[in-house]
There are 2 protein chains.
Amino acid sequence: MNSEFTIAVHSLAYLAYQPDRMATSEMIAHNVNTHPSRVRKVMSCLKKQGYVGTKEGIGGGYLFDRSPEQITLAEIFRATSIGSIKPSWCSGNGDDNCMVACNMAEVMDHIFCEAEEQLIMYLQRITINDVLERVRAARQQSTT
Amino acid sequence: MNSEFTIAVHSLAYLAYQPDRMATSEMIAHNVNTHPSRVRKVMSCLKKQGYVGTKEGIGGGYLFDRSPEQITLAEIFRATSIGSIKPSWCSGNGDDNCMVACNMAEVMDHIFCEAEEQLIMYLQRITINDVLERVRAARQQSTT
DNA sequence: TCAACTGTTACAAATATAATAACAGTACAC
DNA sequence: GTGTACTGTTATTATATTTGTAACAGTTGA
């Protein structure tokens with residue numbers, strides 16, 4: 001799977017963690033441990049879908065546009081990584097006369113598509129707020 | 001996801017399609033449209049798990065060891081591609097003092113792990129025989 | 001003992017992913 | 001206005017992963 005999903009979730013959790021302040025791409029990138037440009041690319045996508053607000057110019061950056069309890073990971077997955085379950089390689093057709101060779105790609109495609117739907121149903125149950133709660137719980141455990 | 005899963009499923013469906021004859025890696029590779037060496041690598045793995053029988057030497061090749069109705073795609077996935085849902089890149093720790101930065105990798109890891117379990121549960125419901133049936137159904141549709 | 005296989009390793013080629021640089025556009029401070 | 005600090009976007013380079021291919025030891029049967 002594409003790691004843009006990870007970047008998006010981490011960035012949103014970071015925004016949820018400090019809800020009042022605007023965060024610049026540089027701040028987020030430092031927290032996520034990647035390049036600011038990559039963060040901007042992902043956040044630009046999230047902005048278009050209405051998940052975050054942005055402000056250009058001095059004092060600008062990113063801010064939540066909806067509440068962290070409303071946004072599920074399913075939505076983020078759809079925005080950033082739809083179709084990434086299916087491998088790019090597909091078993092082609094080396095034998096025109098064979099029923100299996102001719103139709104396997106289509107059958108596998110369908111299987112990967114449904115598999116992704118299952119995945120999305122699972123991600124539907126997790127919100128950005130849940131992620132932040134889990135982060136808090138993980139911290140708790142590592143200090144005991 | 002790793003395409004070895006696709007190669008494995010295609011190969012097994014091909015074996016199920018002509019259950020009496022042994023198929024060589026070359027025959028399978030031609031049908032799957034890849035290199036015989038890649039097929040041998042995948043099949044070697046399936047052999048170790050007891051899904052297919054192999055015979056070396058003249059007249060050798062691969063043959064089903066269990067019936068196609070028994071083998072689910074979940075088993076094949078586990079044998080070939082476990083762990084491949086999770087992206088190799090993970091959001092690292094650029095900020096030691098931040099709870100989010102420190103624990104996000106662990107939280108995401110857990111999410112990907114559970115997501116994979118969901119996927120496996122879905123694949124559990126599909127057997128190699130089902131795949132062959134779907135191939136037959138696809139053929140049916142394309143001729144009408 | 002030869003031919004036709006598998007099993008395995010090593011390496012080259014192709015592709016995908018991530019990092020980085022660069023710069024136009026925007027908003028605010030002065 | 002002009003400078004500064006930001007986003008948005010594109011292009012390019014570096015790195016990692018995936019796939020294809022070759023090579024050869026080991027096995028089996030004619």
Side-chain angles (χ1 to χ4, degrees), chain A residues 1-8 10-11 15 21-30 32-65 79-81 83-92 94, chain B residues 1-8 10-11 15 21-65 79-81 83-92 94 105:
Chain A
M1 189 187 304
N2 198 322
S3 63
E4 291 194 356
F5 174 68
T6 302
I7 292 176
H10 189 142
S11 301
L15 288 184
R21 280 177 278 170
M22 274 217 145
T24 67
S25 63
E26 195 169 2
M27 291 164 69
I28 298 173
H30 181 238
V32 170
N33 212 28
T34 186
H35 200 275
S37 194
R38 246 197 124 190
V39 171
R40 289 203 292 274
K41 192 180 162 207
V42 172
M43 296 306 272
S44 162
C45 169
L46 293 180
K47 180 206 177 177
K48 283 172 187 160
Q49 314 278 331
Y51 297 116
V52 297
T54 68
K55 208 170 101 184
E56 299 183 14
I58 293 175
Y62 301 91
L63 202 64
F64 252 99
D65 223 29
T80 60
S81 306
S84 65
I85 291 300
K86 187 181 140 187
S88 52
W89 190 94
C90 81
S91 78
Chain B
M1 188 188 303
N2 198 322
S3 62
E4 291 194 357
F5 174 67
T6 302
I7 292 174
H10 190 143
S11 301
L15 289 183
R21 282 177 277 173
M22 274 217 145
T24 67
S25 64
E26 195 169 1
M27 290 164 68
I28 298 172
H30 181 237
N31 200 271
V32 171
N33 212 27
T34 185
H35 199 275
S37 193
R38 246 198 124 188
V39 170
R40 289 202 292 274
K41 192 180 162 207
V42 172
M43 295 306 272
S44 161
C45 169
L46 293 180
K47 180 206 177 178
K48 281 172 188 160
Q49 314 277 331
Y51 298 116
V52 296
T54 66
K55 208 170 98 182
E56 298 182 15
I58 293 177
Y62 301 91
L63 201 66
F64 251 100
D65 223 29
T80 60
S81 306
S84 65
I85 291 300
K86 188 182 139 189
S88 53
W89 190 94
C90 81
S91 78

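Lettering of chains follows the sequences in order, A, B, ..., and the numbering in each one begins at 1. Predicted model only: the values in this text are computed from it and were never measured.
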request  = Ignoring backbone atoms, test whether B:Ser3 places a side-chain nitrogen or oxygen under 4.0 Å from the OP1 or OP2 oxygen of D:dT19.
outcome  =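 Answer yes for this pair, as a side-chain N or O of B:Ser3 is under 4.0 Å from OP1 or OP2.
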inquiry  = Taking 4.0 Å as the cut-off, does a side-chain nitrogen or oxygen of B:Trp89 come that near to OP1 or OP2 on D:dT17?
reply    = no
Distance, rounded to the nearest Å, where [X] contributes [atom1] and [N] contributes [atom2]:
{"X": "B:Met22", "N": "C:dA4", "atom1": "CE", "atom2": "P", "result": "17 Å"}
{"X": "A:Met27", "N": "D:dA5", "atom1": "CE", "atom2": "C1'", "result": "14 Å"}
{"X": "B:His35", "N": "C:dA14", "atom1": "NE2", "atom2": "C1'", "result": "15 Å"}
{"X": "A:Ile85", "N": "C:dA16", "atom1": "CD1", "atom2": "C1'", "result": "16 Å"}
{"X": "B:Glu4", "N": "D:dT17", "atom1": "CD", "atom2": "C1'", "result": "12 Å"}
{"X": "B:Ile7", "N": "D:dG20", "atom1": "CD1", "atom2": "P", "result": "7 Å"}
{"X": "A:Leu46", "N": "D:dT9", "atom1": "CG", "atom2": "P", "result": "13 Å"}
{"X": "A:Met1", "N": "C:dT17", "atom1": "CE", "atom2": "C1'", "result": "15 Å"}

Please tell me if the side chains of [X] and [Y] come closer than 4.5 Å, counting only heavy atoms from C-beta onward.
{"X": "B:Thr80", "Y": "B:Asn2", "result": "no"}
{"X": "B:Ser3", "Y": "B:Arg38", "result": "yes"}
{"X": "B:Thr6", "Y": "A:Pro87", "result": "yes"}
{"X": "A:Ile7", "Y": "B:Ser91", "result": "no"}

query = Between A:Thr24 (side chain) and A:Met27 (backbone), is there a donor-acceptor pair under 3.5 Å?
reply =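 Yes, A:Thr24 side chain to A:Met27 backbone: donor-acceptor pair under 3.5 Å.
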Going by atom type alone, with no hydrogens or angles, which donor-acceptor pairs under 3.5 Å involve a side-chain atom of residues 49-63 of chain A and a protein atom two or more places apart or on another chain?
unit_1	atom_1	unit_2	atom_2	d
A:Tyr51	OH	A:Glu75	OE1	3.3
A:Thr54	OG1	A:Lys47	NZ	3.4

Each nucleotide N or O in nucleotides 5-9 of chain C that has a protein N or O under 3.5 Å away: list the pair and distance.
unit_1	atom_1	unit_2	atom_2	d
C:dC5	O4'	B:Gly57	O	3.4
C:dC5	O2	B:Gly57	N	3.2
C:dT6	OP1	B:Ser25	N	2.9
C:dT6	OP2	B:Ser25	OG	2.8
C:dG7	OP1	B:Lys47	NZ	3.4
C:dG7	OP1	B:Thr54	OG1	3.1
C:dG7	OP2	B:Tyr62	OH	3.1
C:dG7	N7	B:Arg40	NE	3.0
C:dG7	O6	B:Arg40	NH2	3.2
C:dT8	OP2	B:Ser44	OG	2.8
C:dT8	OP2	B:Lys48	NZ	3.3
C:dT8	O4	B:Ser37	OG	3.2

